[in-house]
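Structure record follows, encoded as structure tokens.
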There are 2 protein chains.
Amino acid sequence: MTAEPIARVRRFNRAVTSEVGALDTSFLGRGRPLGAARVLNAIGQGRSDVAEIRAYLGLDSGLMSRLLRGLEDEGLIETVAHPEDARRRVARLSAAGAREFQAYENLSDAQAEGMLARHPDPAALLAAMDLIASALGRDRVVLEEADPRCAAARHCLGEYYAELGRRFERGFDVSLSRDPDAGDMIRPRGVFLVAMSDGLPLGCVGLKGSGGAVAEVKRLWVSPAARGLKIARRLMDATEAAARGLGIEVLRLDTNSALPEAVRLYRTTGWTEIPRFNDDPYPDTFFEKRL
Amino acid sequence: MTAEPIARVRRFNRAVTSEVGALDTSFLGRGRPLGAARVLNAIGQGRSDVAEIRAYLGLDSGLMSRLLRGLEDEGLIETVAHPEDARRRVARLSAAGAREFQAYENLSDAQAEGMLARHPDPAALLAAMDLIASALGRDRVVLEEADPRCAAARHCLGEYYAELGRRFERGFDVSLSRDPDAGDMIRPRGVFLVAMSDGLPLGCVGLKGSGGAVAEVKRLWVSPAARGLKIARRLMDATEAAARGLGIEVLRLDTNSALPEAVRLYRTTGWTEIPRFNDDPYPDTFFEKRL
DNA sequence: AAATATATCTGACTAAAGTCAGACATCATG
DNA sequence: CATGATGTCTGACTTTAGTCAGATATATTT
């Protein structure tokens, strides 16, 4: 790494600024000023409360009012009083507004698709984008309880299995492992948590309950794009809190010494190593924690 | 990769847009409107011809004229007629303007430094940024003749040696290899080419001449951030052209089967495999091309 | 019920950005 | 040297974004 790190960050900034500038003008390309386009998009994304949009876009109340009136005159939105508080207003897209919003979506999709299509290694490009977006949005990673069979969870589990396949010398085959039943990782028996960053799942963990006082932590995974951001730590803390809420008294987990970051995390967060407690062929290290 | 690729690109766009927005407002933080700040920066970056700046920033001639007048009134720039064409004007920073430009530079540097400092793995972040910036600026990669001892060349060679160290089973030690003399890769004996993308060196190649009709191609390398963009191909084509210009009739090179992309490139671009022609311990494959 | 707080709207304003037509000087070409 | 093209400048204009001070209606608190 001889080249100046700061110069490289600034080169990156220049590159994306000109690209993003092109994106902005494409928004203007639909003959609508940026302010109005931003409000239309905010409404299209599901923000309906006018005050919420105002806070999100950082707009003055007077300006916001005029922008809404303009979109209404164009027939793109409708506003009504909030059912629970008649001072507030809620906005929603009309049929024409939905079409217009979709046109903006299509422009963005086309731009994104073009960028991928032009690159010789789209997977590498996506990995780099995920890394940067996760770094910039590190404060906006939220943990959500999810069904282990939902799309976000399946994405995480797929990546988790693929990574075990790469890291274990003899690969990894889920069918040989004791794949937990989804029902055991849903309330009231257990929970499944996904770490989401602006729509992209970046990590997961499962708490597999049995109905008794002992439960198992399974499937802890964090995307390579987000390692070092303390997401695993947050997932584990949230799992423990959920376990306490379910009346669980003892947590157990199995892992493998080929995953040293995981082992290190357990050792530094109050887990104690215990003898093997199952006959799964993959794990070689076992931990327990009393809550 | 279950998650929608296009959704991931758009997540990246959102993340950098808000970051770049924050950068823009920091420019406004110095009490100067964005237009004037952009012109000042363009001049600071060495663009002096007014027409060129106008084209670069996409400004109307009237607006440009007023922005220049404003900066002149502030005492930040001076404009004079172009020495070869009195219709055109050239602008340059005054001492006060240079200080003001430096203040903007420092803001940008601090922002870049902060981004790196906040990340757990700056090297990975930089690699991702290089990859994306190279992908976005792929059309702006230019080949330049350089001294093999200059900073850009040394950067490339350092990365090249490091990569050989990783790819060869027994590592790589330059001192055991036949390191060409810099003088042999400079005109009139040879050339050294560097592929530059907005200031960052992305690849290199050396033509090592001996004064005779036979010369050797050495040190072909392309940054992992820019693989697949046909830079190696362009470097080799430029090398051949330069060799022809130097009156060279036969090119040779040695390589290693641990570098299959390189071997594939040579095979598909008119090189023919020949018997070993040196006793360097590292190469195991040898090629020749008649010009 | 009165006082206060909140959310939106309206009118009057400013700053910045951008557009357009024409003036002017200079250069290139026949 | 006349003609047309080019680059900059000026004045008059519009659009967009944003600010601020009330006005109005509704909710919350005392």
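Every chain is numbered from 1 and lettered A, B, ... according to where its sequence line falls, protein lines coming before strand lines.
Taken to the nearest 0.5 Å, the CG atom of A/L202 stands 5.0 Å off from the CD1 atom of A/I231.
Counted by atom type alone, B/S65 and B/R54 present zero donor-acceptor pairs between their side chains at under 3.5 Å. Checked by atom type, the side-chain pair A/Q102/A/N106 shows a donor-acceptor distance below 3.5 Å.
Remark: P of C/dA15 and CG of B/L67 are 16 Å apart, rounded to the nearest angstrom. Atom CD of B/E72 is separated from atom P of D/dT8 by 13 Å (rounded to the nearest Å). Going from atom CE of B/M64 over to atom P of C/dT19 covers 15 Å, rounded to whole Å. Atom C1' of nucleotide C/dT8 and atom CG of A/D49 are separated by 12 Å, given to the nearest angstrom. B/R54 has its CZ atom 12 Å from the P atom of C/dT19, to the nearest Å. The distance between atom NE2 of B/H82 and atom P of C/dA28, rounded to the nearest whole Å, is 11 Å. Distance CD1 (A/I53) to C1' (C/dA7): 14 Å, rounded to an integer number of Å. For the pair A/D73 CG and C/dT10 C1', the computed distance is 14 Å after rounding to whole Å.
Contact annotation: A/R66 side-chain N/O to C/dT8 OP1/OP2 distance is not under 4.0 Å. Note on B/R32: every side-chain N or O is 4.0 Å or more away from OP1 and OP2 of C/dA16.
Using a cutoff of 4.0 Å between basic side-chain nitrogens and carboxylate oxygens, A/E100 and A/R30 are scored as salt-bridged. Under 4.0 Å is where a charged nitrogen must lie from a carboxylate oxygen, and between B/R140 and B/D198 no such pair does.
Picking from D/dG7, D/dA17, C/dT19 the nucleotide with the shortest atom distance to the side chain of B/D60 gives C/dT19. Here D/dG18 is the nucleotide among C/dT8, D/dT16, D/dG18 with the atom lying nearest to any side-chain atom of A/L59. The side chain of A/R87 lies closest to D/dA27 when the candidates are D/dC9, D/dC20, D/dA27. Closest to the side chain of A/A86, from the set D/dT10, D/dA27, D/dT16, is D/dA27. Nearest to the side chain of B/R89, among D/dA5, C/dT19, D/dC9, sits D/dC9.
At the heavy-atom level, A/D85 lies under 4.0 Å from the strands shown only through sugar-phosphate atoms. When heavy atoms are screened at a 4.0 angstrom cut-off, B/R69 is found touching the sugar-phosphate backbone but no base atom.
For the pair B/R88 and B/L63, nearest-nucleotide mapping onto DNA chain D gives the more 5' position to B/R88. Residues A/A36 and B/S61 both approach DNA chain D. Their nearest nucleotides, taken by heavy-atom distance, put B/S61 toward the 5′ side.
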